Amino acid sequence: MALRTAARIGGVFGPSMFLLGWIISALRTDGYSVVEDAISRLAAVGAPTRWLMSAGFVGFTIGVGVFAFGLRGVLNGPAWVAALIASIATLGVALFPLDYSNGVDLLHGAAAFTGYIALSALPLFAAPELARRGHLRAARVSRICGTISAMALAATLLGPAHGLFQRIGVTVGDTWIVATALWLLAQSTPTSTAAGIADR
């Protein structure tokens, strides 16, 4: 039960730290565009908000990492693994900041790419187990969230609005984590199901 409580807190705390990190950092950075500029630019070497955005990345890593282990205890399948990978990859984004060197930038890109895939896969991996348990609406919402997140993150490769698409993709994924933490992990039995608010 203690792990479940910690996982609920982590599932809200992690995404919230990440969200607040880029919002506050963007507001404090002259000339920064949330439409055209990537979130990682706010934590690049030499960026005045590097410490703040890095704290957002680390907060996400800790919170979603704890959430992953709580999710493992209440939902069968690989969803918890996707959550754990997303948390670890986000730590990699913080540890390998942009503009340090070409090699580090490649590591940064690999960590970000891995995190994007894991975050989008998380609700998609949860959907079959939700459907198996009869929570068809929650499963449908999870599939929609995963699809929107994946499409938005893929769209970051297509044009100048990659900053906007990145934010749409990660915010949808993060919202799913928060909703799941508040609903699924609040259930009294380990077999209760998720993504939650959608079933009410």
Side-chain angles (χ1 to χ4, degrees), residues 1-19 39 56-96 107-136 138-154 156 166 169-187 189-199:
M1 193 61 70
L3 176 59
R4 186 89 63 86
T5 300
R8 288 182 67 196
I9 295 171
V12 175
F13 171 80
S16 298
M17 283 287 291
F18 176 78
L19 180 66
I39 293 171
F57 288 141
V58 173
F60 181 92
T61 295
I62 295 171
V64 176
V66 175
F67 166 80
F69 287 102
L71 188 63
R72 181 186 185 187
V74 297
L75 193 67
N76 294 330
W80 76 273
V81 178
L84 185 61
I85 291 173
S87 72
I88 295 171
T90 302
L91 180 60
V93 171
L95 291 176
F96 306 117
L107 291 173
H108 177 94
F113 181 73
T114 301
Y116 292 160
I117 292 177
L119 185 63
S120 299
L122 173 51
L124 295 174
F125 284 164
E129 178 64 12
L130 297 175
R132 188 186 71 80
R133 296 183 183 183
H135 291 263
L136 301 181
R140 184 164 57 250
V141 169
S142 292
R143 291 190 186 99
I144 291 171
C145 287
T147 300
I148 291 174
S149 180
M151 291 177 65
L153 291 171
T156 61
Q166 182 191 34
V170 297
T171 300
V172 170
D174 288 350
T175 300
W176 187 92
I177 292 174
V178 172
T180 301
L182 291 175
W183 192 89
L184 171 63
L185 297 177
Q187 303 305 299
T189 62
T191 56
S192 298
T193 44
I197 296 169
D199 270 359

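Every value quoted in this text rests on a predicted model; they were computed, and no experiment measured them.
Residues satisfying the side-chain hydrogen bond (donor to acceptor under 3.5 Å, both in side chains) criterion with Ser120, sequence neighbours excluded, are Ser149. Evaluation of the side-chain contact (heavy atoms from CB on, under 4.5 Å) rule for Leu19 yields Trp22, Ile23 as partners, not counting sequence neighbours. Not a single salt bridge (Lys or Arg N to Asp or Glu O under 4.0 Å) links Arg140 to another residue, sequence neighbours left out. Thr147 meets the side-chain contact (heavy atoms from CB on, under 4.5 Å) test with Leu124, Met151; sequence neighbours excluded. Residues that satisfy the side-chain contact (heavy atoms from CB on, under 4.5 Å) test with Ala111, not counting sequence neighbours, are Val93.
The main-chain N or O of Leu130 is never found under 3.5 Å from a side-chain atom of His135 such that the two would form a donor-acceptor pair. In this structure, the side chain of Gln166 engages the main chain of Ile39 through a donor-acceptor pair within 3.5 Å. One N or O on the side chain of Thr61 and one on the backbone of Leu91 form a donor-acceptor pair closer than 3.5 Å.
Interatomic distance, Tyr116 OH to Leu153 CG, rounded to the nearest 0.5 Å: 6.5 Å. Separating the OG1 atom in Thr171 from the CH2 atom in Trp176 is a distance of 16.0 Å, to the nearest 0.5 Å. Atom-to-atom distance recorded for Met17:CE and Asp174:CG is 13.0 Å, nearest 0.5 angstrom.
Between Pro15 and Gly10, the shortest heavy-atom contact is CD-O, 3.9 Å. Residues Phe57 and Thr90 come closest through the heavy atom pair O-CG2, 3.5 Å. Scanning all heavy atoms of the two residues, the minimum distance from Ala131 to Leu136 falls at O-CD2, 3.9 Å. The two residues Ala181 and Ala7 make their nearest non-hydrogen contact at CB-O, 4.3 Å.
Taking the side chain as every heavy atom from C-beta outward, Val172 and Leu119 never approach each other to under 4.5 Å. Annotation: side chain of Leu122 is not in contact with side chain of Thr180 (no heavy-atom distance under 4.5 Å).
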List the atom pairs, with distances to 0.1 Å, where a side-chain N or O of residues 62-87 and a protein N or O form a donor-acceptor pair under 3.5 Å, not counting sequence neighbours.
from, atom 1, to, atom 2, distance (Å)
Ser87, OG, Leu84, O, 2.7

